[in-house]
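Report on one structure; see the data block that follows.
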Amino acid sequence: EVQLVESGGGLVQAGGSLRLSCAASGFTFDDYAIGWFRQAPGKEREGVACISSVDGITNYVDSAKGRFTISSDNAGNTVLLQINSLKPEDTAVYYCAASGRPLTTAQAEGIFDDAFDYWGQGIQVTVSS
């Protein structure tokens, strides 16, 4: 059974940095993607970034380019999301998710949550102004 556990969230001042970690385990298949999503209060969940388990190709939504960096360790067991220059609008619950199959190019580029089958419980990130 695939399990995803997020860590590294918390309260940070605007302008600071945070690194979220997703510990992934239980995969019985080799080709999948891991993505980071977030849901701000009163808003829909949105994709932020994703990374392929096969070739490490990364994708970001436009709003995440420049401040967010997704990476994984060589074994693919831990996926990190580095967030720099945090803004109050980054306040959200951040989720790690894994697809149960290879993503199409469109799914990877769009980081659509319906392409991801396994979800962590989420972790709160609060950015104070």
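In this text the structure is predicted, and so the values were computed from the model without any measurement.
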[atom2] on [Y] to [atom1] on [X], rounded to 0.5 Å:
X     : Y     : atom1 : atom2 : value
Arg19 : Ser7  : CZ    : OG    : 9.0 Å
Gln82 : Ser71 : CD    : OG    : 8.0 Å
Leu81 : Ser21 : CG    : OG    : 10.5 Å
Asn77 : Ser53 : CG    : OG    : 11.0 Å
Leu86 : Ser17 : CG    : OG    : 6.5 Å

[Y] backbone acceptor or donor facing [X] side chain under 3.5 Å:
X      : Y      : answer
Asp31  : Pro102 : no
Glu109 : Ala106 : no
Ser99  : Tyr32  : no

Show which side-chain atoms of residues 40-51 pair as donor or acceptor with protein atoms under 3.5 Å away, not counting sequence neighbours.
{"from": "Arg45", "atom 1": "NE", "to": "Asp113", "atom 2": "OD2", "distance (Å)": "3.4"}
{"from": "Arg45", "atom 1": "NH2", "to": "Asp113", "atom 2": "OD2", "distance (Å)": "3.4"}
{"from": "Glu46", "atom 1": "OE2", "to": "Arg38", "atom 2": "NE", "distance (Å)": "2.7"}
{"from": "Glu46", "atom 1": "OE2", "to": "Arg38", "atom 2": "NH2", "distance (Å)": "3.3"}

[X] side chain near [Y] side chain, heavy-atom distance below 4.5 Å:
X     : Y     : answer
Glu6  : Trp36 : yes
Ile34 : Cys96 : yes
Leu4  : Tyr95 : no
Leu18 : Leu20 : yes

(request) Please name the pair of heavy atoms, one in Gly16 and one in Val12, separated by the smallest distance, quoted to 0.1 Å. (result) CA-CG1, 4.1 Å
(request) Would you name the heavy atoms of Val127 and Gln13 that are closest together and state the gap between them? (result) CG1-C, 4.0 Å
(request) Kindly check if the number of other-residue, nucleotide or ligand heavy atoms within 6.0 Å of CG (Asp30) is above 12? (result) no
(request) Check whether Tyr118 and Phe112 end up in the same hydrophobic cluster, where Ile, Leu, Val, Met, Phe, Trp and Tyr are linked by side-chain heavy atoms less than 4.5 Å apart. (result) no
(request) Identify whether Val2 and Val79 are in the same connected component of the hydrophobic contact network (ILVMFWY, side-chain heavy atoms under 4.5 Å). (result) yes
Please list, one pair per line, the donor and acceptor atoms closer than 3.5 Å that link side chains of residues 57-67 to other protein atoms, with sequence neighbours excluded.
{"from": "Tyr60", "atom 1": "OH", "to": "Ile70", "atom 2": "N", "distance (Å)": "2.9"}
{"from": "Asp62", "atom 1": "OD1", "to": "Lys65", "atom 2": "NZ", "distance (Å)": "3.1"}
{"from": "Arg67", "atom 1": "NH1", "to": "Asn84", "atom 2": "O", "distance (Å)": "3.2"}
{"from": "Arg67", "atom 1": "NH1", "to": "Ser85", "atom 2": "O", "distance (Å)": "3.1"}
{"from": "Arg67", "atom 1": "NH1", "to": "Asp90", "atom 2": "OD2", "distance (Å)": "2.8"}
{"from": "Arg67", "atom 1": "NH2", "to": "Asp90", "atom 2": "OD1", "distance (Å)": "3.0"}
{"from": "Arg67", "atom 1": "NH2", "to": "Asp90", "atom 2": "OD2", "distance (Å)": "3.3"}

(request) Evaluate side-chain contact (heavy atoms from CB on, under 4.5 Å) for Leu11 paired with Ser128, printing each intermediate quantity in order. (result) CA-CA 7 Å; Leu11 175 63; Ser128 62; 4.2 Å; yes
(request) Mind checking side-chain hydrogen bond (donor to acceptor under 3.5 Å, both in side chains) for Glu89 and listing every partner two or more places apart, or none if nothing turns up? (result) none
(request) Step through it carefully: locate the ring centre of Phe37, locate the ring centre of Phe116, and say whether they are under 6.0 Å apart. (result) yes
(request) May I have the step-by-step check of side-chain hydrogen bond (donor to acceptor under 3.5 Å, both in side chains) for Gln124 and Thr126, ending in yes or no? (result) CA-CA 6 Å; Gln124 179 70 45; Thr126 302; 3.3 Å; yes
